[in-house]
Amino acid sequence: MKVIYNDGTVKETVDKEEELHIIRHTAAHVMAQAIKRLYPHADFAYGPATEKGFYYDVDLGDTKLTDEDLAAIEKEMKKIVKENLPIKPFILDREKAIALMEERKEKYKVEHIGDLAEDAVISFYQQGDYIDMCVGPHLCYTKALKAFKIVQQSGAYWKNDKNNKMLTRINGIAFATQEELDNYLKLMEEAERRDHRKIGKEMGLFMMSDEGPGFPFFLPKGMALKNALIDYWRDIHYRDNYTEVSTPMIMNRHLWETSGHWDHYKDNMYSTTIDEETYCIKPMNCPGGVMVYRSQPHSYRELPMRVGELGLVHRHELKGALHGLFRVRCFTQDDAHIFMRRDQITEEIMGVVHLINEVYTKFGFKYFIELSTRPEDSMGSDEDWEAATEGLKGALEKLGLPYILNEGDGAFYGPKIDFHLEDSLGRTWQCGTIQLDFQMPLNFQLEYTDEKGEKQRPIMIHRVCFGSIERFIGIITEHFAGKFPVWLAPVQAKVLLVSEKSADYAEKIYARLRDEKIRCELDARNEKIGYMIREAQMVERVPYMLIIGAKEAEEGNISVRYRDTGETVTMSLDEFVAKIKGEIKDRI
């Protein structure tokens, strides 16, 4: 595929990822031209290609777009493609660039130019009557844009600043071929079918309320699922010699200033006034864990100390960014903080990697690892950062694990390892993380006594497995399409009564299951058995349905229908109890 650069040179692309980026960037320009034709008053902000497609932020004044309007924009885009307009670059100095954008009444572009260096040379691309400021490269002709679709609109603040005007963000997708686009659209249809918000409502897992945007309510079945996850977390952490603590949700501002969060994170923190002093609702658990360590003296013999906490944290998210359980304002972090000596760093990191690998394998996730290094907005000495980074690298290399280096994306107090898991649809999610921290022990003057009786500073690991339990529930809901394995399922078995004549027997079956601590329900409604089966299997996604009629009552057995295969098998109640309890115990 031939592309044109801002200096006018034309080259053949060979890198598929680069090619896709150029296709999507060109699609953003074609979409902007279509919008300008249909809405001459439109004023454009940013229009980049993204990892998943492209978008353009546009100021449409009082115009509100409908789905029909988006379809009309896409239709106009196809018209522009057929016109096969050549895409030509040109370069202007700063003064002429501003004059051109002012002439075309592009105030956001003028402001953008104002943010550039004084001696900047600014490149533009033109296709027909449309001109856009851009570094390129682009396709040479609009007809080279083969497969695209507008998918949605949303709101976005200019420069991502809530104090600026809210613009309309129009999102699209583009691919090199129609086949690739069709495959992607099928994937998106499947993703929509698996949407955790839809499944969560059908299964009665959680709800949101206008009285608390971004603050999820877990319903009884959702709590059963959440508690199953927490029980698993507690079991594997007890086995690996973690202790569990609980720290306050509200602590004073001084603590957060000492930890460094106030300077680096205060815009995302909720605060209140108590006794004429500023207090903060915790956005992280780590300062509380530090206070637990600092509460008493420690010897080198006690280290490493592995201290876990299932802490509810609160972070301010913009209302427009909220999305089901994926982006909320309060969530439970499955935190742990490990306090250790320098000579224990590699071994402890390896232990955490093994634990996180075990968790992701349990759920059938593949994953890749990213190592993020020191950001610009950081605290601490160069020596500490270098030692921390080398500690993480050394552990990964000793384990023989490949990783992607992500320069400058570490936490403000230390480098980190992030685990990006892949779900059943091939989507990736960043969940687990390991952060090595030399700074917080220094800020809080943490100490331990070494074998010589001298005071030393411990090193600290921050780590999570699930990340956010709420978000992880959203991920696994979509990963399993609500068909959770037996040990996780909110309702593990459902007793379905065929007729009133068998009611006593069905009640005995139900009571036995409850006595065995199996999460179960009894459906004794006056409905056709086919309807009850479909509802339990397809909507409530119950792993096992126990069908109880006159024959079962007479023979003293049960008919068990399997959710995943639709097969119905006759067995004794004792056999079924042994089977399901074994699956729950083994977490399969």
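In this chain, numbering begins with 1 at the start of the sequence shown. Quick note: numbers below take in every heavy atom, side chains included, and nothing from hydrogens, waters or symmetry partners.
A donor atom on one side chain and an acceptor atom on the other are not found under 3.5 Å apart for Gln435 and Asp437. Side-chain atoms of Glu309 and Thr247 form a donor-acceptor pair, as typed in the model, at a separation below 3.5 Å.
In this structure, Phe148 has its ring center no closer than 6.0 Å to that of Phe54. Taking the six-membered ring for Trp, Phe365 and His479 have ring centres closer than 6.0 Å. Aromatic rings of Trp256 and Tyr270 (six-membered ring for Trp) have centroids beyond the 6.0 Å cut-off, not under it. For Phe326 and Trp429, the gap between ring centers is short of 6.0 Å. Ring pair Tyr562/Tyr544: centre-to-centre distance below 6.0 Å.
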- [ ] Go through the steps to decide whether Ile558 and Ile548 satisfy the test side chain to side chain contact (heavy atoms under 4.5 Å, CB included), and finish with yes or no.
- [x] CA-CA 6 Å; Ile558 56 175; Ile548 306 301; 3.6 Å; yes
Open item on the list: Set out, in order, the CA-CA distance, both residues' side-chain angles and the distance that settles salt bridge (charged side-chain N to carboxylate O under 4.0 Å, His left out) for Glu348 and Arg463, then state yes or no.
Closed with: CA-CA 11 Å; Glu348 286 306 303; Arg463 45 112 296 193; over 6 Å; no
TODO: Under the salt bridge (charged side-chain N to carboxylate O under 4.0 Å, His left out) rule, what do Glu575 and Lys579 come out as? Steps first, then yes or no, please.
DONE: CA-CA 6 Å; Glu575 288 176 314; Lys579 170 183 169 57; over 6 Å; no
TODO: Take His462 and Tyr413 through the ring-ring contact (aromatic ring centres under 6.0 Å, His included) test and state the conclusion after the steps.
DONE: CA-CA 11 Å; His462 309 247; Tyr413 48 76; 4.6 Å; yes
TODO: Starting from the C-alpha separation in whole Å, work towards a yes-or-no answer on side chain to side chain donor-acceptor pair (under 3.5 Å) for His420 and Glu370.
DONE: CA-CA 8 Å; His420 298 261; Glu370 199 171 60; 3.1 Å; yes
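A distance of 9.5 Å separates CG in Leu399 from CG in Asn357, rounded to the nearest 0.5 Å. A distance of 12.0 Å separates CG of Asp504 from CD1 of Ile509, quoted to the nearest 0.5 Å. The CD1 atom of Ile476 sits 10.0 Å away from atom CD1 of Ile469, with the distance rounded to the nearest 0.5 Å. The distance from atom OH of Tyr505 to atom CD of Glu552, rounded to the nearest 0.5 Å, is 8.0 Å. Annotation: the span from Ile236 atom CD1 to Leu355 atom CG amounts to 4.5 Å, rounded to 0.5 Å. Met269 CE to Thr278 OG1: the interatomic distance, rounded to the nearest 0.5 Å, is 10.5 Å.
At most 12 heavy atoms of other shown residues, nucleotides or ligands fall within 6.0 angstrom of atom CZ in Arg514. Atom CZ of Arg239 has more than 12 heavy atoms from other residues, nucleotides or ligands within 6.0 Å. Summarising the local packing, CE of Met538 is surrounded by 12 or fewer heavy atoms from other residues, nucleotides or ligands at distances under 6.0 Å. Heavy atoms from other residues, nucleotides or ligands lying under 6.0 Å from CG of Asp515 number more than 12. The number of heavy-atom neighbours closer than 6.0 Å to CD of Glu179, taken from other residues, nucleotides and ligands shown, is 12 or below. Within a 6.0 Å radius of CG in Asn526, other residues, nucleotides and ligands contribute 12 heavy atoms or fewer. Residue Lys551 places its NZ atom among 12 or fewer non-hydrogen atoms of other residues, nucleotides or ligands, all under 6.0 Å distant. Heavy-atom contacts from other residues, nucleotides or ligands closer than 6.0 Å to NZ of Lys149 number 12 or fewer.
Under the 4.0 Å criterion applied to side-chain N and carboxylate O atoms, Lys16 and Glu180 are not assigned as salt-bridge partners. With respect to Glu516 and Arg512, a salt bridge is recorded, a charged nitrogen being found less than 4.0 Å from a carboxylate O. Under 4.0 Å is where a charged nitrogen must lie from a carboxylate oxygen, and between Lys198 and Glu192 no such pair does. With respect to Arg193 and Glu190, a salt bridge is recorded, a charged nitrogen being found less than 4.0 Å from a carboxylate O.
Tyr360 places a side-chain N or O within donor-acceptor distance of the main-chain N or O of Cys465, the cut-off being under 3.5 Å. Formation of a donor-acceptor pair under 3.5 Å by the His323 side chain with backbone atoms of Ala321 is not found in this model. Listed for the Asp423 side chain is no donor-acceptor partner under 3.5 Å among the backbone atoms of Thr428. Between the side chain of Gln492 and the main chain of Arg519, a donor-acceptor pair closer than 3.5 Å is present. Within the 3.5 Å criterion, the main-chain N or O of Asp409 finds no donor-acceptor partner in the side chain of Asn406. In this structure a side-chain-to-backbone donor-acceptor pair under 3.5 Å is present from Gln430 to Gly432. With hydrogens and angles ignored, the 3.5 Å screen pairs no side-chain donor or acceptor of Arg306 with any backbone N or O of Tyr242. The backbone N or O of Asn268 sits nowhere less than 3.5 Å from a side-chain atom of Arg315 that would complete a donor-acceptor pair. Looking at Glu478, its side chain does come within 3.5 Å of a backbone N or O of His196 through a donor-acceptor pair. For Gln537 (side chain) and Arg563 (main-chain N/O), a donor-acceptor pair under 3.5 Å exists by modelled atom type.
Partner of Ser372 under the side-chain contact (heavy atoms from CB on, under 4.5 Å) criterion, out of Thr433, Ile404, Asp418: Asp418 alone. Across Arg541, Lys528, Arg525, a single residue satisfies salt bridge (charged side-chain N to carboxylate O under 4.0 Å, His left out) together with Glu535, and that is Arg525.
Lys226 is listed as a side-chain neighbour of Glu470, based on a closest heavy-atom distance under 4.5 Å. No side-chain heavy atom of Val313 sits less than 4.5 Å from a side-chain heavy atom of Asp335. Inter-residue side-chain proximity for Val352 and Ile417 is flagged as unmet; no heavy-atom pair is nearer than 4.5 Å. Using a 4.5 Å heavy-atom threshold, the side chains of Asp182 and Phe175 count as separate. With a 4.5 Å cut-off on side-chain heavy atoms, Ile475 and Cys431 count as touching. Between Cys286 and Met460, the closest side-chain pair of non-hydrogen atoms falls below 4.5 Å. Contact annotation: the side chain of Leu322 never approaches that of Met208 to less than 4.5 Å [non-hydrogen atoms, C-beta and beyond]. With contacts defined as side-chain heavy-atom distances shorter than 4.5 Å, the pair Leu185/Ile173 qualifies.
Closest of all the heavy-atom pairs between Ile281 and His314 is CG2-ND1, 3.5 Å. Across Ala506 and Leu522, no two heavy atoms sit closer than the pair CB-CD1, 4.1 Å. Residue Asn285 comes nearest to Gly311 through the heavy atom pair OD1-CA, 3.4 Å, listed as atom of the first residue, atom of the second, then distance. Shown here for Lys494 and Ala536, the closest heavy-atom pair between the two residues is CD-CB, 4.1 Å. When all heavy atoms of Ser559 and Thr570 are compared, the closest pair comes out as OG-OG1, 3.9 Å. When every heavy atom of His337 is checked against every heavy atom of Gly289, the shortest pair comes out as ND1-CA, 4.4 Å.
Using bins of under 30°, 30° to 60° and over 60° for the plane-to-plane angle, the ring pair Phe466/Tyr232 lands in the tilted bin.
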